[in-house]
Amino acid sequence: MFNASLAQDVWKDPGKNVSFIVLALNRQDLTDEQEQVANFADMSQAIIRSMRIRKPEAGLQVAIGFSNQAWDYLFPNAKKPQELETYQTLTGAEYSMPASDGDIFLHIRASEEAVVYEIVRQFMKLLAPVTTVIDETKGFRYLEGRAIIGFIDGTEAPAPEDAADYAIIGDEDSDFINGSYAFAQKWQHDMAFWENLSVEHQEKAVGRHKFDDMELDDDDKLENAHNVASKLEIDGEEQKIIRMNVPFSDPAMDYTGTYFIGYARHWQVTKQMLEQMLEKSDFLLTFSTLLSGQLFFIPSRDTLADIADGNFFN
């Protein structure tokens, strides 16, 4: 059975100030890159502990992950998490969810931006010699915890006391127990299109009331309402993952969107949700451009320690 205390921060709240970073390994000197990654696996945990002593009130939370391609490169002779694969572009009748590159994933959040900054600064001192930045996205908590489109976010996510069971790998993959699968996806929204819709139309498109967050009756929703398209049932049982929809924006540049991060015990559950959103042409896709899509494995803290000790390089 999993032990949530040994997992990274994959089921906690989205945070007030957030940084998502995707890095590519330089692939120039395998031995050097393995040494640097091992050092990072070790030092990153000390950096986190130190910051939690320095600013305990900041609520620092961190998740570090590796893609399938990074795993094959760094740990060619090691076992692999059962469901870890290279994410491939998913395509529906009208829309697609593109795949993008990425080897190392960092998800850092805290109540103070200075704490996020300092963690990123120290992490990158360790990683910069062997990686190149593909993307850095700074997110924030919008008013009342709403998504950037104005609706309360997270209502249908598992309650905190139940969340770990949906996010953390258990005995079904005993070599990687307490790990998790993270799917990262960056959406850019056409906010002018969305804001020109009536509130009633927006509510039908999301499936909930905008002000009080009450769910609409099924007959009042659009057939491709977001909470219809994204609700996955298998054999009559609803499947859940830990969803975090984090707003990002450069408003003066008219560049606004949502960084979606989904943590799951089973990647196949997340994948089927994405496929269903495409099958039903989720309304959110009508005014959004998807900029990225990557799957990462988030090792347990014990597995990170094994990486730090070089046990995965043999």
Side-chain angles (χ1 to χ4, degrees), residues 9 12-23 58-63 95-98 100-102 105-121 123-124 133-157 182-199 201-203 205-211 213 226-227 230 242-263 274 277 282-294 296:
D9 296 320
K12 310 291 180 62
D13 67 88
K16 293 183 178 179
N17 300 280
V18 188
S19 185
F20 296 100
I21 298 170
V22 178
L23 305 170
L60 173 65
Q61 298 173 67
V62 179
Y95 307 104
S96 64
M97 294 184 171
S100 54
D101 293 333
F105 176 66
L106 307 175
H107 178 194
I108 301 160
R109 63 260 201 216
S111 62
E112 298 183 33
E113 175 61 27
V115 170
V116 176
Y117 162 81
E118 185 61 16
I119 292 295
V120 172
R121 186 188 72 82
F123 278 11
M124 290 309 299
V133 177
I134 293 178
D135 182 69
E136 179 179 13
T137 301
K138 295 181 180 299
F140 58 93
R141 183 184 187 275
Y142 192 40
L143 302 173
E144 299 180 302
R146 295 178 182 266
I148 200 67
I149 59 173
F151 284 76
I152 296 292
D153 187 54
T155 303
E156 297 174 31
F183 181 69
Q185 193 176 55
K186 190 172 180 177
W187 298 52
Q188 182 181 353
H189 304 311
D190 182 346
M191 295 301 290
F193 174 93
W194 177 251
E195 290 164 355
N196 283 331
L197 298 177
S198 67
V199 171
H201 195 159
Q202 290 180 353
E203 290 177 339
V206 172
R208 309 190 74 88
H209 286 290
K210 193 170 186 177
F211 176 71
D213 197 39
H226 176 60
N227 72 353
S230 63
I242 308 305
R243 309 164 185 251
M244 301 181 192
N245 295 300
V246 181
F248 66 87
S249 185
D250 293 317
M253 302 292 290
D254 192 26
Y255 179 67
T256 295
T258 299
Y259 202 106
F260 169 75
I261 175 69
Y263 290 110
L274 299 172
M277 290 169 68
D282 189 322
F283 189 89
L284 298 188
L285 293 166
T286 66
F287 66 99
S288 303
T289 301
L290 273 64
L291 305 176
S292 67
Q294 301 118 338
F296 300 96

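Numbers here are sequence positions counted from 1.
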Asks: Apply side chain to side chain contact (heavy atoms under 4.5 Å, CB included) to S249 and M191, showing your working.
Replies: CA-CA 11 Å; S249 185; M191 295 301 290; over 6 Å; no
Asks: Report the residues that fulfil salt bridge (Lys or Arg N to Asp or Glu O under 4.0 Å) with E203, sequence neighbours left out, ordered by chain and then residue number.
Replies: none
Asks: I'd like to check the salt bridge (Lys or Arg N to Asp or Glu O under 4.0 Å) partners of D213; sequence neighbours left out, ordered by chain and number.
Replies: R208
Asks: Quick one: pull up CD in Q185 and CD1 in I261 and give me the separation to the nearest 0.5 Å.
Replies: 10.0 Å
Asks: Let me see the working for F248 and Y255 under ring-ring contact (aromatic ring centres under 6.0 Å, His included), right down to the final yes or no.
Replies: CA-CA 8 Å; F248 66 87; Y255 179 67; 5.6 Å; yes
Asks: Quick check: do F260 and F183 have side-chain heavy atoms less than 4.5 Å from each other?
Replies: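 The answer is yes; the side chains approach within 4.5 Å.
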Asks: Any idea which heavy atoms bring Q202 and L197 closest together, and the distance?
Replies: NE2-O, 3.8 Å
Asks: Excluding sequence neighbours, so at least two apart, what forms side chain to side chain contact (heavy atoms under 4.5 Å, CB included) with N17?
Replies: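 For N17, the residues satisfying side chain to side chain contact (heavy atoms under 4.5 Å, CB included) (neighbours in sequence not counted) are E113, V116.
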Asks: Please list, chain by chain and in numerical order, all residues satisfying side chain to side chain donor-acceptor pair (under 3.5 Å) with S100, sequence neighbours excluded.
Replies: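 Residues passing side chain to side chain donor-acceptor pair (under 3.5 Å) with S100: Q294.
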Asks: When you compare the side chain of F296 with that of V22, does any pair of heavy atoms fall below 4.5 Å?
Replies: yes
Asks: Not counting sequence neighbours, which residues clear side chain to side chain donor-acceptor pair (under 3.5 Å) with E195? List them please.
Replies: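 None.
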Asks: Would you mind reporting whether I21 and D135 have side-chain heavy atoms less than 4.5 Å apart?
Replies: no
Asks: Is the shortest side-chain heavy-atom distance between N227 and V206 below 4.5 Å?
Replies: no
Asks: Do the two ring centres, one from Y259 and one from F20, sit under 6.0 Å apart?
Replies: yes
Asks: NE2/H226 to CG/L285 distance, rounded to the nearest 0.5 angstrom?
Replies: 9.5 Å
Asks: For residues 141-150, which side-chain N or O atoms pair as donor and acceptor with protein atoms under 3.5 Å away, sequence neighbours left out?
Replies:
| residue | atom | partner | partner atom | Å |
| --- | --- | --- | --- | --- |
| E144 | OE1 | R146 | NE | 2.7 |
| E144 | OE1 | R146 | NH2 | 3.2 |
| R146 | NH1 | G150 | O | 2.9 |
| R146 | NH1 | K210 | O | 2.7 |
| R146 | NH2 | F211 | O | 3.2 |

Asks: If the condition is side chain to side chain contact (heavy atoms under 4.5 Å, CB included), which residues does N196 pass it with, not counting sequence neighbours?
Replies: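 N196 satisfies side chain to side chain contact (heavy atoms under 4.5 Å, CB included) with no other residue.
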Asks: What's the spacing between R109 CZ and K16 NZ if we round to 0.5 Å?
Replies: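 NZ of K16 is found 14.5 Å from CZ of R109.
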Asks: Which residues pass the salt bridge (Lys or Arg N to Asp or Glu O under 4.0 Å) test with E136, not counting sequence neighbours?
Replies: K138
Asks: Contact between D9 and L60 at the side-chain level, heavy atoms closer than 4.5 Å - yes or no?
Replies: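 No, side chains not in contact.
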Asks: For Y263, give me all partners under side chain to side chain donor-acceptor pair (under 3.5 Å), at least two apart in sequence or on another chain.
Replies: H107
Asks: How many angstroms lie between CE in M277 and CG in D282, if you round to the nearest 0.5 Å?
Replies: 4.0 Å
Asks: Quick one: does any side-chain atom of D190 pair with a main-chain N or O of F193 as donor and acceptor, under 3.5 Å?
Replies: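 Yes; at least one donor-acceptor contact below 3.5 Å.
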Asks: Test of understanding: with salt bridge (Lys or Arg N to Asp or Glu O under 4.0 Å), list the residues that count as partners of D153, not counting sequence neighbours.
Replies: none
Asks: Does A205 have any side chain to side chain contact (heavy atoms under 4.5 Å, CB included) partners at least two apart in sequence or in another chain, and if so, which?
Replies: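 Partners of A205 under the side chain to side chain contact (heavy atoms under 4.5 Å, CB included) test: W194, L222, F283.
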Asks: I'd like to know whether K186 forms a side chain to side chain contact (heavy atoms under 4.5 Å, CB included) with L290, so could you lay out the CA-CA distance, the side-chain angles of the two residues, the decisive distance to 0.1 Å, and finally the verdict.
Replies: CA-CA 6 Å; K186 190 172 180 177; L290 273 64; over 6 Å; no
Asks: Below 4.5 Å, heavy atoms only, C-beta onward: do M244 and I242 meet side chain to side chain?
Replies: yes
Asks: Got a sec, which pairs hit side-chain hydrogen bond (donor to acceptor under 3.5 Å, both in side chains) with one end in residues 284-293, sequence neighbours left out?
Replies: H189-S288
Asks: First locate atom CG of N245, then atom CG of L284, and finally report the distance between them rounded to the nearest 0.5 Å.
Replies: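 One gets 9.0 Å once the value is rounded to the nearest 0.5 Å.
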Asks: Step by step, work out the side chain to side chain contact (heavy atoms under 4.5 Å, CB included) result for I108 and V120.
Replies: CA-CA 8 Å; I108 301 160; V120 172; 3.6 Å; yes
Asks: What distance separates S96 OG from L274 CG, expressed to the nearest 0.5 Å?
Replies: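 Going from OG on S96 over to CG on L274, the span is 12.0 Å.
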Asks: Say whether T256 and D254, considering side chains only, have a donor N or O and an acceptor N or O under 3.5 Å apart.
Replies: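 No, because no side-chain N or O of T256 sits under 3.5 Å from a partner of the opposite role on D254.
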Asks: Do the side chains of V246 and F140 get nearer than 4.5 Å, heavy atoms only?
Replies: no
Asks: Determine whether more than 12 heavy atoms belonging to other residues, nucleotides or ligands lie under 6.0 Å from atom OH of Y95.
Replies: yes
